[in-house]
2 protein chains.
Amino acid sequence: MPETPAAPDAKRPTLADVAARAGVSTALVSIVMRDAKGAGAATRERVLQAARDLGYRPDARARLLRSRRSRLLGVQFGLQQPFHADLVEGIYAAAEPAGYQIALSAVAAGRGEQRAVETLLADRCEALVLLGPQAPAARLAELAGQVPVVSVARRLRSPVPGLEVVRTADDEGARQAVDHLVGLGHRDIAHVDGGRAPGAADRRRGYRTAMNRHGLSGHIRVLAGGLTEEEGAAAARGLLAARPRPTAVLAFNDRCATGVLDVFLRSGVTVPGDISVVGFDDSHLARLAHIDLTTVGQDIPRLARLAVGRAVARLEGEEAATGEDVVAPRLVVRGTTAAPR
Amino acid sequence: MPETPAAPDAKRPTLADVAARAGVSTALVSIVMRDAKGAGAATRERVLQAARDLGYRPDARARLLRSRRSRLLGVQFGLQQPFHADLVEGIYAAAEPAGYQIALSAVAAGRGEQRAVETLLADRCEALVLLGPQAPAARLAELAGQVPVVSVARRLRSPVPGLEVVRTADDEGARQAVDHLVGLGHRDIAHVDGGRAPGAADRRRGYRTAMNRHGLSGHIRVLAGGLTEEEGAAAARGLLAARPRPTAVLAFNDRCATGVLDVFLRSGVTVPGDISVVGFDDSHLARLAHIDLTTVGQDIPRLARLAVGRAVARLEGEEAATGEDVVAPRLVVRGTTAAPR
DNA sequence: CGCAGGGGCTAGAACGTTCTAGGATCGGTC
DNA sequence: GACCGATCCTAGAACGTTCTAGCCCCTGCG
């Protein structure tokens, strides 16, 4: 069999190949590759050179197989959700210094959460970080029996040991938004909600409570929305038709708010002149200069750090806590809110 | 050592455990788990039952280690790019029927392409599918020496064996957009380009060529843009200040076009009344009812299928082709284009 | 001179699979 | 009664690492 350099199935070089070339044992090569102590300076250099020559690259899977620990965190996220993208970015950043690797598994059309989680478990992830999971609580609890699980942005009522939660205080966020609007002089404030999305119930409740507290129970108006622009737009069309029109709208999230904004602009309703609009998440979208959305900010880097922190703590031997980290939201005032006419 | 059901480091059950419980050999269990032939119906059922009892789950890594093939495709994508999200969705869909798994590796702030690719290779992916890679061509060629590589949406000039390309005919797409606008009666058509983004050069060229062909060389106007809303918005502000204003704008992609649209709307410039706008990609964004953007559609499912197809073909023994699949774009006329005043 | 201690290295057993060779057992055929 | 072919099953060697012992040789100390 001739040895072509880039043969179709040229087996990639292994420890043994490097060892042979450097004239040492595989164990020694392993030591050098891991940068562990127990090798002399001269041989170390010789081994590294041999590895370089051969284009050697350690096989992560074999490595994981052998060592008890995999130091792998499985992350399930929604492929089409910018908020999740931001979280994943934060998780990458938080996991590295802790010495953990990330395995991504996307939820998309035709690939449900079940599938996503299956592959993560099959890959030997030591813990799971689920972003806004929609699976029934019972299913999550079952999972938590097998492996530490952290649910991000999805609150869970009945606490199960091993199933921890990291989330923003959604009700508090909605309250802040309402307070801000009331402070500006608004009274007729509508809420375009998120239906059954994670966090939606809390935001709805926070909105209601805040309205009541301001003595505005008569003005409570909740419209069916969702987490996409389309759903926001549909709700906005409903609002335009309504009499009296509200003077302010709190949307479930930024995407939803964008849909609302767009319908308003196209109908000649000025924002914030005629109607104020508030979003939720402070995702990339809201920060764009030309959208410039007042929104309830979630502290995404913090959420990511806490999620990773909890998972790691569990893996490093800490007790399975039935805990919850609740991160305070912070209203970010930008250009879509002002005093009513 | 007491056997608590959910012990912190309860070792997950292995083939051997299942074998012991079912009273057979590990080899037999392996056969049953893979659904291979060579086991009797009765024992098969007994083994499955034992596996269920123990909550056994095959270890993907050990499996991969043993079998020569990993049947794993590594996919590098931009975490913040909706176009990539759509592609990934298509890739998942295409890979499954072919019997391949997907490993995702994201490019994000603080995690460059280098890192992304490293982890994919360490995970023993058999081939790489890179979505809109920005790495220098030389680097990609080097990679292709180690493993089959498919570059999606990024054209590469000097063909390297083992480095294949799947892309949309970007120049043709720009031409279609210009033809459409000219057909409506426009003459003063500007292009907000994508700078050095993959595909930008071709779209620029296509625009120029088409303008020339229509005898509109005098009206050629290329503005520096980019692939985000912000860059589109900045360019749009420039256009508003210009005299004469163009009557139509072709933007580099949909996000860029959204930025353009938004600035126009806010300035009281109506679309398509005063100015027509065309995007590129036909991503989710453009399809949203409230954006309703005329755009050059990329056939995303097809791109995904071709990319997977090429990778798989290489792996199933076909020769390393220095090929290129060029997919025809298709103009999708929606609400942002009309005849000039 | 004997021997503890340590640095540098290696042999060989894991890890949890799959794969290659078979080994039984059974029914049937010459 | 020897042989065949199927069918069901098992033993044991991979796969590419890491880890545990332990060997060898040197140095320094009593």
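Chain letters run A, B, ... following the sequence lines, proteins first and then strands; every chain starts at 1.
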Distance in angstrom units between [X] [atom1] and [N] [atom2], rounded:
X	N	atom1	atom2	answer
Arg46(A)	dC9(C)	CZ	C1'	11 Å
Leu64(B)	dT18(C)	CG	C1'	11 Å
Leu15(B)	dA14(C)	CG	P	18 Å
Leu65(B)	dT18(D)	CG	C1'	12 Å
Arg61(A)	dC15(C)	CZ	C1'	15 Å
Arg44(B)	dT7(D)	CZ	P	13 Å
Asp59(B)	dC15(C)	CG	P	13 Å
Arg63(B)	dT17(D)	CZ	P	21 Å

- request: Go through the structure and list residues passing salt bridge (charged side-chain N to carboxylate O under 4.0 Å, His left out) with Asp53(B), not counting sequence neighbours.
  value: Arg21(B)

message: So Tyr100(A) and Val312(A), do their side chains get closer than 4.5 Å, heavy atoms only?
response: yes

- request: Please tell me if the side chains of Arg46(B) and Thr43(B) come closer than 4.5 Å, counting only heavy atoms from C-beta onward.
  value: yes

- line: By nearest-heavy-atom nucleotide on DNA chain D, the more 5' of Pro58(A) and Thr43(B) is Thr43(B)

task: Between Pro13(A) and Gly40(B), name the one whose nearest nucleotide on DNA chain D is closer to the 5' end.
output: Gly40(B)

Distance, nearest 0.5 Å, that separates CZ of Arg44(B) from CE of Met33(B): 11.0 Å

message: With rounding to the nearest 0.5 angstrom, report the CG to CD distance, Leu163(B) to Glu324(B).
response: 10.5 Å

query: Does a sphere of radius 6.0 Å around CD in Glu113(B) hold more than 12 heavy atoms from other residues, nucleotides or ligands, not counting ones at 6.0 Å or beyond?
result: yes

field: Residue Arg196(B) excluded, over 12 heavy atoms near CZ under 6.0 Å
entry: no

- request: Answer yes or no: side-chain N or O of Arg66(A) and base N or O of dT17(D) forming a donor-acceptor pair under 3.5 Å.
  value: no

- request: Indicate, with a heavy-atom threshold strictly under 4.0 Å, whether Arg34(B) touches base, sugar-phosphate, or nothing.
  value: sugar-phosphate

task: Give one of base, sugar-phosphate or nothing for Arg124(A), where a contact means two heavy atoms less than 4.0 Å apart.
output: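 Sugar-phosphate contact only.
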
message: Give me the stems containing DNA chain D, sorted by first residue, counting only three or more consecutive Watson-Crick or G-U pairs with both distances under 3.5 Å; say none if there aren't any.
response: C:1-30 with D:1-30

field: Arg314(B) and Glu126(B) ion-paired at < 4.0 Å
entry: no

field: Salt bridge Glu142(B)-Arg139(B), side-chain N to carboxylate O under 4.0 Å
entry: yes

message: Arg61(A) vs Asp59(B), test: salt bridge (Lys or Arg N to Asp or Glu O under 4.0 Å). Steps then yes/no.
response: CA-CA 10 Å; Arg61(A) 307 191 112 86; Asp59(B) 183 328; over 6 Å; no

Among dT17(C), dC9(D), dC19(D), the one nearest Ala39(B) by side-chain distance: dC9(D)

query: At under 4.0 Å, does any side-chain N or O of Ser30(B) touch on OP1 or OP2 of dG16(C)?
result: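 Answer no for this pair, as no side-chain N or O of Ser30(B) is under 4.0 Å from OP1 or OP2.
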
What's touching nucleotides 10-12 of chain C from the protein side, N or O pairs under 3.5 Å?
from: dT10(C); atom 1: OP1; to: Ser25(A); atom 2: N; distance (Å): 3.3
from: dT10(C); atom 1: OP2; to: Ser25(A); atom 2: N; distance (Å): 2.8
from: dT10(C); atom 1: OP2; to: Ser25(A); atom 2: OG; distance (Å): 2.8

